[in-house]
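In the text below, chain A, chain B and the rest are named by the order of the sequence lines, each starting its count at 1.
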Number of protein chains: 2
Amino acid sequence: MTERFEADYLIETATDPRRAAETMAGEQSSGTFLRLPGETEELKARSAARVEALEDLPSATSPSLPGAAADRGNGWNRAKVTLSWPLDNIGPSLPALMATVAGNLFELQAFSGLRILDIRLPPAFAAAHPGPRFGVEGTRRLSGVTTGPLIGTIVKPSVGLSPEATAELVATLATAGTDFIKDDELQGDGPACPFDDRVRSVMQVINAHADRTGKKVMFAFNLTGEVDEMRRRHDLVRDLGGTCVMANLNSLGMAGFLALSRHSELPIHAHRNGWGYLSRHPALGWSYIAWSKLWRLAGADHMHVNGLSNKFCEDDDSVIASAKAQLTPMWDSKPCTAMPVFSSAQTVLQPPETYKRLGSADLIYAAGGGIMGHPDGPAAGVESLREAWSAAMAGVDLDEWAATRPPLARALAQARG
Amino acid sequence: MTERFEADYLIETATDPRRAAETMAGEQSSGTFLRLPGETEELKARSAARVEALEDLPSATSPSLPGAAADRGNGWNRAKVTLSWPLDNIGPSLPALMATVAGNLFELQAFSGLRILDIRLPPAFAAAHPGPRFGVEGTRRLSGVTTGPLIGTIVKPSVGLSPEATAELVATLATAGTDFIKDDELQGDGPACPFDDRVRSVMQVINAHADRTGKKVMFAFNLTGEVDEMRRRHDLVRDLGGTCVMANLNSLGMAGFLALSRHSELPIHAHRNGWGYLSRHPALGWSYIAWSKLWRLAGADHMHVNGLSNKFCEDDDSVIASAKAQLTPMWDSKPCTAMPVFSSAQTVLQPPETYKRLGSADLIYAAGGGIMGHPDGPAAGVESLREAWSAAMAGVDLDEWAATRPPLARALAQARG
């Protein structure tokens, strides 16, 4: 018996959910228009996807997506379905896995809703892929932050700063005490701010600061580009003493990302921009839990999760579920845990709830306005965020903690407007 | 003045559409939380995205997507918006372009709907990328089909056949007269049908058939995998005399695909499985017109478009718009036209309408049941499809044409059930 891999889906259909699930299973495995007398049963036993479980959910009153086969008076039935496939169909290949668990099925007429919720892979996948080479432990080691979150920020404006202006900003942020800084996802290798020049300018500042203070700020350089470019850029960052690179997952794709990650000797900060088009409709696309497993296995060390009360559409429950997933082992022998990155309108207000709900401070906390906009300057901004996290981890009320800590007190007053 | 690139969007918002469009432009360019007195205006002039056009559309009565900022009594306004960016922000990089035109914006709270409709790129992008190396002309040359569509099919069952069984089926299909055969997108390099073994078995049949008849059937081998694997697999196909490789675009991603296409010396048959999660909701994600331009520029020679009356959710207008787009030049000096691939429940019934609406027979027409299921066998199946296309191109009614052509007559009777 070959091992099998599994995927869970939310489905919505006007037909019987079990029949619809069988359609999915056929389409995504031994689907045929041939009559193969004799061989058919053996071939099916060897290659067919199976419906492993089906749990009915409350039905919908109208179709979530257009184009589905019309209601036959059954309403729009919803169910959670688990399919499984023989590993022998594809071998432990992530690109092939994507076509199998998330290929043509979203277009099938049987469905007015179809979303992949989770995946479970046999150990052969663990053996065949790098997983995060650094994760929480390696990121803490390289950044020198032994406890609590890495306090970080994003270079803003998103684009428009020259390499020199970027380095000036980095100098300010390093002096202010940040642990982590990242390029904006829009900042790549444009003529207005070439990648190599930016790395040279920024690393000069970071190395000088490290020489002075012993603290090397982790800067995630966005090397998003073609495979050979990315490998060359990675080598430059490594050679200049940098400790992190960043990649836009939806710009690279799985084959592109694996070509980077198998080459990389640095933590990879994985940016999920474009995630909205994969996930914004609740009855279509990908859950972050399923999607992020693929990238973690492929080697992502840091995974973005938005943050509580963020400026985007994602609600807090979804943010916490995504963050918890990054810290949940995929296998005992190969956990593939990644460091969740909280960002988007994060201030001193969110740490207590974030810590309480996540149960961990193994994360990167990226704040912009909260650092650069602190009334007493960036150093007070960074300090206020650390204090907010100390309060959260100590289980002490923010205002009580702030009574003897002016940077936090001032930041709280500012954040509450 | 630097050149600019543009993208068109459908937006839906409870706020003023122009203000919402300005939010998009800010988020996707010089968005900042810094106060940069003095420099701000110059930086914006250099780097900011601009709203180039805004056309109001009829508003929606309810939000298309959840999570948007609530209605303020304005209803859910819809508009078509054009944004432009300076090329200097990113340079002519397709991975960077994706993050810019299709990055974080789908998650913005301002929008209850956001879909990218089209993109227009300056010639620097043409210069920096391969485009299709074969396209229509090269595919006709390699397949020996000088007029009318390539008549083709897909190996079914999707998975489960051994290399030897696949080759047997290919022998049947080659003898039947097919021009084009492709792997199923689920068939990659699993232990049950290893890629190399499949290529060797199939090419033996195809080469033997070519030696006998002078006709080399074009077989699209699905080499989807990691970059180094794909390059090696490509070389094997080339070395054994194969004339086409196939790749699953959503499994590779843009960086992965470019690493293949820059290496490739064969036509690349681009499979769009997973397209449903990018496009199924009409107010979210990507139009095929925008999305396929990126892949054509990156080097895709054949692009899937479904077919009229297909088994999926896509309607005929959308199919024709997608197919026309593949044959529409991106630049006069570098057209980047790709051969549209019609498939999914295609029979002798669809050619007249397909030809009338597309205005071209520069396409691949993939039929399964219509070939293997023809009552007089596969050769009659292929012949019936050629006859249907001859009728379509001659502007003669199918039944009239069939009067003296038994294969078509039998196929029509079968298709009409």
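Chosen from A/Ala68, A/Ala48, A/Gly190, the residue pairing most often with chain B at heavy-atom distances under 4.5 Å is A/Gly190. Ranked by non-hydrogen atom pairs under 4.5 Å with chain A, the options B/Leu87, B/Val227, B/Leu186 are led by B/Leu186. Among A/Asp189, A/Thr224, A/Leu258, the residue making the largest number of heavy-atom pairs under 4.5 Å with chain B is A/Leu258. Note on A/Ala283, A/Gly256, A/Gly103: by heavy-atom pairs under 4.5 Å with chain B, the leading option is A/Gly103. Highest contact tally toward chain B, considering only A/Gly276, A/Ser279, A/Pro92, A/Ala110, is held by A/Gly276 [criterion: heavy-atom pairs under 4.5 Å]. When B/Met98, B/Lys311, B/Arg280, B/Glu314 are compared by the number of non-hydrogen pairs under 4.5 Å with chain A, B/Arg280 comes out ahead. Counting heavy-atom pairs closer than 4.5 Å to chain A, the top residue among B/Ala102, B/Gly188, B/Ala259 is B/Ala102. Options B/Ser93, B/Gly67, B/Pro191 differ in how many heavy-atom pairs under 4.5 Å they form with chain A, and the most are formed by B/Pro191. Top candidate by heavy-atom pairs under 4.5 Å with chain B, chosen from A/Ala96, A/Gly26, A/Gly274, is A/Gly274. With chain B as the partner, the residue from A/Ala99, A/Gly91, A/Pro86 showing the most heavy-atom pairs under 4.5 Å is A/Ala99. Ranked by heavy-atom pairs shorter than 4.5 Å toward chain A, the options B/Ser344, B/Pro194, B/Gly285, B/Ala192 are led by B/Ala192. Comparing B/Leu252, B/Asn248, B/Leu278 by how many heavy-atom pairs each has under 4.5 Å with chain A, the most go to B/Leu252.
The contact between B/Leu108 and chain A is made by backbone and side chain atoms together, counting heavy-atom distances below 4.5 Å. For a residue to count as touching a neighbouring chain, one of its non-hydrogen atoms must lie under 4.5 Å from one of that chain's; by this rule B/Ser64 touches chain A with the backbone only. For chain B, no part of A/Glu229 is nearby; none of its heavy atoms comes within less than 4.5 Å. Using a 4.5 Å cut-off between heavy atoms, B/Leu97 makes no contact with chain A at all. Neither the backbone nor the side chain of B/Asp315 comes within less than 4.5 Å of any heavy atom in chain A. Using a 4.5 Å cut-off between heavy atoms, B/Asn89 contacts chain A through both its backbone and its side chain. Using a 4.5 Å cut-off between heavy atoms, B/His129 touches chain A through its side chain atoms alone. In this structure, no portion of B/Asn222 lies under 4.5 Å from any heavy atom of chain A.
Taking CZ of B/Phe312 as the start and CD of A/Gln109 as the end, the distance is 9.0 Å to the nearest 0.5 Å. Atom CD1 of B/Ile154 and atom CG of B/Asp183 lie 10.5 Å apart (nearest 0.5 Å). Rounding to the nearest 0.5 angstrom, the gap separating the CZ atom in B/Phe5 from the OG1 atom in B/Thr100 is 5.0 Å. Between the CD atom in B/Glu27 and the OG atom in A/Ser158 there is a gap of 6.5 Å [rounded to 0.5 Å].
Taking a cutoff of 4.0 Å between a charged side-chain nitrogen and a carboxylate oxygen, A/Asp88 and A/Arg46 do not qualify as a salt bridge. Using a cut-off of 4.0 Å between Lys/Arg side-chain N and Asp/Glu carboxylate O, A/Glu226 and B/Arg262 are scored as salt-bridged. Under 4.0 Å is where a charged nitrogen must lie from a carboxylate oxygen, and between B/Arg233 and B/Asp196 no such pair does.
Inter-residue side-chain proximity for A/Ser47 and A/Ser29 is flagged as unmet; no heavy-atom pair is nearer than 4.5 Å. The shortest side-chain heavy-atom distance between A/Tyr9 and A/Arg115 does not fall under the 4.5 Å cut-off. Side-chain contact between A/Leu114 and A/Glu12 is absent, with no heavy-atom pair separated by less than 4.5 Å.
Side-chain atoms of A/Gln28 and A/Asn104 include no donor-acceptor pair closer than 3.5 Å.
Remark: aromatic rings of B/Trp275 and A/Phe106 are distant, center separation not under 6.0 Å.
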